[in-house]
Amino acid sequence: MSSESAYSVVAKFMEDYQVKTSQKLKIIDLYLGYILITGVIQFVYCALVGTFPFNSFLSGFISCVSSFVLGVNLRLQVNPENAKEFKSIAPERAFADFLFAHVVLHLVVVNFIG
Amino acid sequence: MPKVAYFRVTPERQQILLKGLVLSICCVLAFCVRLFSVLRFESVIHEFDPYFNYRTTKFLTEEGFYSFHNWFDDAAWYPLGRIIGGTIYPGLMVTAATIYKFLHFINIPIDIRNMCVFLAPLFSSLTTIVTYLLTKELSNSSAGLLAAAFIAVVPGYISRSVAGSYDNEGIAIFCMLLTYYFWIKSVKSGNVFWSVLCSIAYFYMVSSWGGYVFLINLIPIHVLFCIITGRFSHRIYVAYTTVYCVGTILSMQISFVGFQPVQTSEHMGALGVFGLCQIVSFVAFLRKKLSAANFAILWQTMLYLIGGVVIAAVLVLTVSGKIAPWTGRFYSLLDPSYAKNNIPIIASVSEHQPTTWSSFYFDLHMLVFMFPVGLYVCFKDINDHNMFIILYGVTSMYFAAVMVRLMLVLAPVMCILGAIGTNHVLTSYMKNLDSVQVVKEKKGPKGSKVDNTYPAKNEVVADQTYPLKNVVAIGVVLGLTLFLGLFATHSIWVTAEAYSSPSIVLSARSGDGGRIIFDDFREAYYWLRQNTPEDAKIMSWWDYGYQITAMANRTIIVDNNTWNNTHISRVGQAMASTEEHAYEIMRELDVDYVLVIFGGMTGYSSDDINKFLWMVRIGGSTDRGAHIKETDYYTPTGEFRVDSEGSPTLQNCMMYKMCYYRFGQVYTEQNQPTGYDRVRNAEIGNKDFELDVLDEAYTTEHWIVRIYKVKDLDNRGNPRT
């Protein structure tokens, strides 16, 4: 019985999500889903093929994780529901920070990928 | 009056001017108070480790970054060599080389040695500014100014950042406080910009000191406590996740750190809290979206699923050995008896001994008392960032108690919390300085005491919770000012007397008050540099390795890096064995010269005979040294004596013979026989002996350094002994 309820809960949640979230947030969520899939593919590939060279694997995987995390942060800061927590951060500022963080991240990733 | 109008500055501008003035005075003070040894002796690098850093910095400026990063040094740890590029924290050298190159670019031709000597005081000034900024974020700017003043002179920090002490800690404290400043800023604002700056500062910290492990555990502990106390918010999520992800990949760019952040237990805490953050955030997100009943159903299924997966993963990884357990150095912080029982090399370093009570007071003076006050103030108005400083204070308190060297990590937080406490006390009492005692008559019921403490209705009076408020306030303020003055005096006295000795140059007062300089170390190293062949190999105890490579420029057998315990043990066996046995070991290691430090003539107590028992312990700790037992070197009653009562094994070992060769004919003190050792206060037992396998090559002016040449094999193959 609980699994049936769990399934119905999840279904209701998906429906709510479709209706209530704005276009902006859905785009970000799509981007996050893409990053997640890339990360999973990398991890499965590493598990199959082996960890040599480890620095390349780490670099790629951490790039995925960090991009995901930065995307989540952007979503949090842009979401008008959270406005009272992030008082002084306009959405444009949030996006600019997102870009800055990505520049730093990818410089390091390119250096580390070997 | 028109003239006054021009000079009239608005209160805001006055404040800014005053703050700027106080801060600049603190910076200048921080720089100047560290210059005692330069004024008393000369601009010279101190101690042992800084000589290695100096040598690598020189190499970096001469050969360039690529050669430096890939440097394999064959002049140390003969015949093994040492990979320097991959086993150091390059932050210090790169910083010094960058400033050096910049100064040369603008045509200020500073010498590299002077650059190294004055780098630590320069960074102390910068630390003062960062401490001000950090405390301003935590509390307010007046506490910030106090903290800046404290950290400019606190002896706990000065001890490792004096001019000439060119060591990692000099810049590490600056990097650490900078990282903490950016972390607090990002927690307060939830901005990704500050978090990225925090990661970059963390990268700088990782490049400068091995103590970065403290940071990568303290920040997750802070987040964990926020989760536990229910303060977890989107801001903290944003701050921590960004700092962890970007910071980790940045930290792996340092070769010495390599893949440790994903493989060793010391970094697993951070990873665990990262995962926990994701889970807590996701759960909070679901809880917001779903109704209570629905959420409860989903929660149960998820809990079992995710919990099971995580526990299984951790078990598998730990059991299969993919995650390394805690290394010895850090494990001994959690279990202080571990090093003593298992790793004699770590236990023998004087900086790794537990801290005494007197050290705490000596290094921190008044801050020891104001620290709990600051903690109380932080607890009173607790919020996210106050929690951080409380955690920092408590954890560094524990670590400073375990190891003397970590007093350095405690000093900044003592300054910050002490400043917050002092500021709180001072502001509370300064408000009362102007409180006026209002005495008024009240009509109370007959027979009752006239109570002056409650204000009458319709009358506005000053708060009168206790009498003589302004007098008490004056007393407290004056008292605290006196304490602050005493703190400054004590700190500067401690700096001048205890922490400004270069160790490589000693000085003493002669009977008529004049100063005698003992420059024996440099005398001996330069003798080696000028009188030995370029490929000569020098054997000495590991303490002096760095100095020999830097100043004498010769190959050595073991040095302060102590990365190979077996090799050091071999040298210890050579020192502790008889000449015959030692000669075998020295031929095996291709040793040409042997160097010992001897303090018996001058009374210099950090000499090799006092370190000898450690040589014995380390020498006997490996297989080939099984014949060396510590008890052989004691008298039957268990004492370590060098006179005629001493053990015969001691009196015939090579170290003894090297130190006391020809010493038996020397008068050292009045009314004492010849051969009187002024450190052990005894007349030596074995006086007139000849050396079979060594030739005395050089003894310095005050007999502090003695150099012997190892004799070649006999012409006809006869044994030398």
Side-chain angles (χ1 to χ4, degrees), chain A residues 1-13 16-17 20-21 51 54-55 57-77 79 81-82 84-89 93-109 111-113, chain B residues 186 188-200 203 233-255 258-259 261-263 271 274-275 277-278 281-282 284-286 288-291 293-302 304-305 322:
Chain A
M1 168 178 147
S2 67
S3 65
E4 186 187 320
S5 308
Y7 177 71
S8 69
V9 163
V10 170
K12 182 169 181 304
F13 173 69
D16 257 348
Y17 173 78
K20 282 198 192 148
T21 43
T51 56
F54 197 47
N55 59 315
F57 162 66
L58 267 184
S59 165
F61 189 67
I62 291 183
S63 166
C64 281
V65 171
S66 308
S67 304
F68 184 83
V69 152
L70 287 171
V72 171
N73 291 343
L74 178 67
R75 189 185 193 281
L76 284 173
Q77 289 179 341
N79 196 347
E81 288 173 23
N82 297 332
K84 58 176 167 16
E85 261 202 70
F86 297 104
K87 286 189 249 355
S88 60
I89 306 177
R93 170 75 199 266
F95 189 64
D97 291 339
F98 173 80
L99 290 178
F100 172 61
H102 268 279
V103 166
V104 172
L105 174 70
H106 288 295
L107 277 174
V108 183
V109 164
N111 182 42
F112 198 41
I113 209 155
Chain B
S186 52
K188 278 174 96 168
S189 68
N191 231 330
V192 171
F193 175 67
W194 292 115
S195 310
V196 174
L197 284 181
C198 180
S199 319
I200 298 177
F203 168 64
S233 61
H234 288 303
R235 283 191 325 265
I236 297 183
Y237 176 83
V238 168
Y240 181 64
T241 48
T242 314
V243 167
Y244 179 68
C245 290
V246 181
T248 301
I249 194 171
L250 270 170
S251 69
M252 292 202 263
Q253 305 308 303
I254 308 288
S255 324
F259 301 131
V262 290
Q263 282 178 340
L271 182 61
F274 178 65
C277 266
Q278 308 295 337
S281 262
F282 186 58
F285 172 69
L286 281 182
K288 220 170 43 163
K289 291 282 181 190
L290 302 172
S291 67
N294 289 347
F295 176 75
I297 297 168
L298 206 56
W299 174 239
Q300 275 227 333
T301 24
M302 263 183 30
Y304 292 134
L305 194 68
K322 281 261 160 57

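Numbers restart at 1 for each chain; the letters A, B, ... are given by sequence-line order, proteins then strands.
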K.L.:
Report the relative orientation of the aromatic rings in F259(B) and F54(A); use parallel for angles under 30°, tilted for 30 to 60°, perpendicular for over 60°.
P.N.:
perpendicular
K.L.:
Counting only heavy atoms closer than 4.5 Å, note whether F285(B) contacts chain A via side chain, backbone, both or neither.
P.N.:
side chain
K.L.:
Which atoms of S189(B) come close to chain A, meaning under 4.5 Å heavy atom to heavy atom: side chain ones, backbone ones, both, or neither?
P.N.:
backbone
K.L.:
Which one, D16(A), L58(A), L74(A), leads in non-hydrogen pairs under 4.5 Å with chain B?
P.N.:
L58(A)
K.L.:
If you count heavy-atom pairs under 4.5 Å with chain B, which of V109(A), N111(A), L105(A) comes out on top?
P.N.:
N111(A)
K.L.:
Check whether more than 12 heavy atoms from other residues, nucleotides or ligands sit under 6.0 Å from atom CZ of F95(A), and answer yes or no.
P.N.:
no
K.L.:
Side chain, backbone, both or neither: which part of V72(A) has an atom under 4.5 Å from a heavy atom of chain B?
P.N.:
side chain
K.L.:
From N191(B) CG over to Q77(A) CD, what is the distance, rounded to the nearest 0.5 angstrom?
P.N.:
6.0 Å
K.L.:
Side chains of V69(A) and Q278(B): does their closest heavy-atom pair fall under 4.5 Å?
P.N.:
yes
K.L.:
Please give me the minimum heavy-atom distance between C245(B) and V65(A), naming the atom from each residue.
P.N.:
SG-CG1, 3.9 Å
K.L.:
Against chain A, label V196(B) side chain, backbone, both or neither, depending on which of its atoms sit under 4.5 Å from a heavy atom there.
P.N.:
side chain
K.L.:
Show, in sequence, the C-alpha distance, side-chain angles and deciding distance for L76(A) and Y237(B), and conclude whether the side chain to side chain contact (heavy atoms under 4.5 Å, CB included) test is met.
P.N.:
CA-CA 10 Å; L76(A) 284 173; Y237(B) 176 83; 3.5 Å; yes
K.L.:
Quick one: pull up CG in L107(A) and CD in Q253(B) and give me the separation to the nearest 0.5 Å.
P.N.:
10.5 Å
K.L.:
Go through I249(B), L250(B), V246(B) and name the one with the most non-hydrogen pairs under 4.5 angstrom from chain A.
P.N.:
I249(B)
K.L.:
Less than 4.5 Å to any heavy atom of chain B: does that hold for the side chain of V108(A), its backbone, both, or neither?
P.N.:
both
K.L.:
Shorter than 4.5 Å, heavy atoms on both sides: which option in T241(B), L197(B), T248(B) has the most such pairs with chain A?
P.N.:
T241(B)
K.L.:
Please enumerate all residues that pass side-chain contact (heavy atoms from CB on, under 4.5 Å) together with C64(A), with sequence neighbours excluded.
P.N.:
I35(A), T38(A), Q42(A)
K.L.:
Could you check whether atom CZ of F100(A) has more than 12 heavy atoms from other residues, nucleotides or ligands sitting under 6.0 Å from it?
P.N.:
yes
K.L.:
Please report the interatomic distance OH(Y240(B)) to CG(N73(A)), rounded to the nearest 0.5 Å.
P.N.:
13.0 Å
